[in-house]
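These notes concern the structure reproduced below.
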Amino acid sequence: QLQLVESGGGLVQPGGSLRLSCTTSRSSLEYYAIGWFRLSPGKEREGIACISYTAGTTLHVDSMKGRFTISRDNAENTVYLQMNSLRPEDTAIYYCAAVLTLRPECSLQSPYNIWGQGTQVTVSS
């Protein structure tokens, strides 16, 4: 069964950058769309971005567009979330999730049913 593992979180100062990675033990993510989500204390889970299995389509929520960028390296079975200009309000646990799909586009409303354990991102001076 597909398993996802996030890494790359940590403590960063406001204005700094982090790159999160989502890796898998499976040989290929070809038929999975991958999404990044985050959960902050007292808030509902928030979708950030997703990428289709072909990597031909990405979707970024407007509130983070321009600061966060999703990408994937199929050869490395890894999906990345590059986060720039980080703000204290970006502090959260970040999760990647997968959904099996043959659709060429991705959606953050898809029924993602495989989740990683999360990685903590703390933005503070």
Could you pull out all residues at least two apart from [X] that satisfy side-chain hydrogen bond (donor to acceptor under 3.5 Å, both in side chains)?
| X | value |
| --- | --- |
| R45 | none |
| S40 | none |
| E105 | R103 |
| D62 | K65 |

Practice item. List in chain and number order the residues that pass salt bridge (charged side-chain N to carboxylate O under 4.0 Å, His left out) with R87, two or more places apart in sequence or in another chain; answer none if no residue qualifies. Key: none

**Study point:** Those residues that, when tested against E46, pass salt bridge (charged side-chain N to carboxylate O under 4.0 Å, His left out) (two or more places apart)
**Key:** R38

Nearest 0.5 Å please: distance from the [atom1] atom of [X] over to the [atom2] atom of [Y].
| X | Y | atom1 | atom2 | answer |
| --- | --- | --- | --- | --- |
| Y53 | N74 | OH | CG | 11.0 Å |
| T78 | L4 | OG1 | CG | 10.5 Å |
| M64 | T69 | CE | OG1 | 12.0 Å |
| T101 | I34 | OG1 | CD1 | 11.0 Å |

Would you confirm whether [X], through its side chain, and [Y], through its main-chain N or O, come within 3.5 Å as a donor-acceptor pair?
| X | Y | result |
| --- | --- | --- |
| S85 | R67 | no |
| T119 | E6 | no |
| Q117 | V5 | no |
| R72 | A33 | no |
| H60 | I70 | yes |

Practice item. May I have all residue pairs that pass ring-ring contact (aromatic ring centres under 6.0 Å, His included) and include part of residues 65-109, sequence neighbours excluded? Key: none

Practice item. Using the test side chain to side chain contact (heavy atoms under 4.5 Å, CB included), find all partners of L59 that sit at least two apart in sequence or belong to another chain. Key: C50, C106, L108

Practice item. Sequence neighbours left out, what pairs pass disulfide bond (SG atoms under 2.5 Å apart) with at least one residue falling in residues 59-96? Key: C22-C96

Practice item. Only counting residues at least two apart or in another chain, list the ones meeting ring-ring contact (aromatic ring centres under 6.0 Å, His included) with Y112. Key: F37

Enumerate donor-acceptor pairs with a distance under 3.5 Å from any side-chain N or O in residues 8-21 to protein atoms, sequence neighbours excluded.
{"unit_1": "S17", "atom_1": "OG", "unit_2": "N84", "atom_2": "OD1", "d": "2.9"}

Exercise for review: Walk me through it: do I114 and Y32 pass the test side-chain contact (heavy atoms from CB on, under 4.5 Å)?
Suggested key: CA-CA 10 Å; I114 301 170; Y32 288 89; 3.9 Å; yes

Check your understanding: Could you walk me through whether D90 and M83 pass the side-chain contact (heavy atoms from CB on, under 4.5 Å) check?
Key -> CA-CA 10 Å; D90 294 319; M83 305 188 297; over 6 Å; no

**Study point:** Worked verdict on E89 versus V123 for side-chain contact (heavy atoms from CB on, under 4.5 Å)
**Key:** CA-CA 8 Å; E89 53 265 38; V123 184; over 6 Å; no

Review point. At their closest point, which heavy atom of L2 faces which heavy atom of T24, and how far apart are they?
Key: CD1-OG1, 2.6 Å

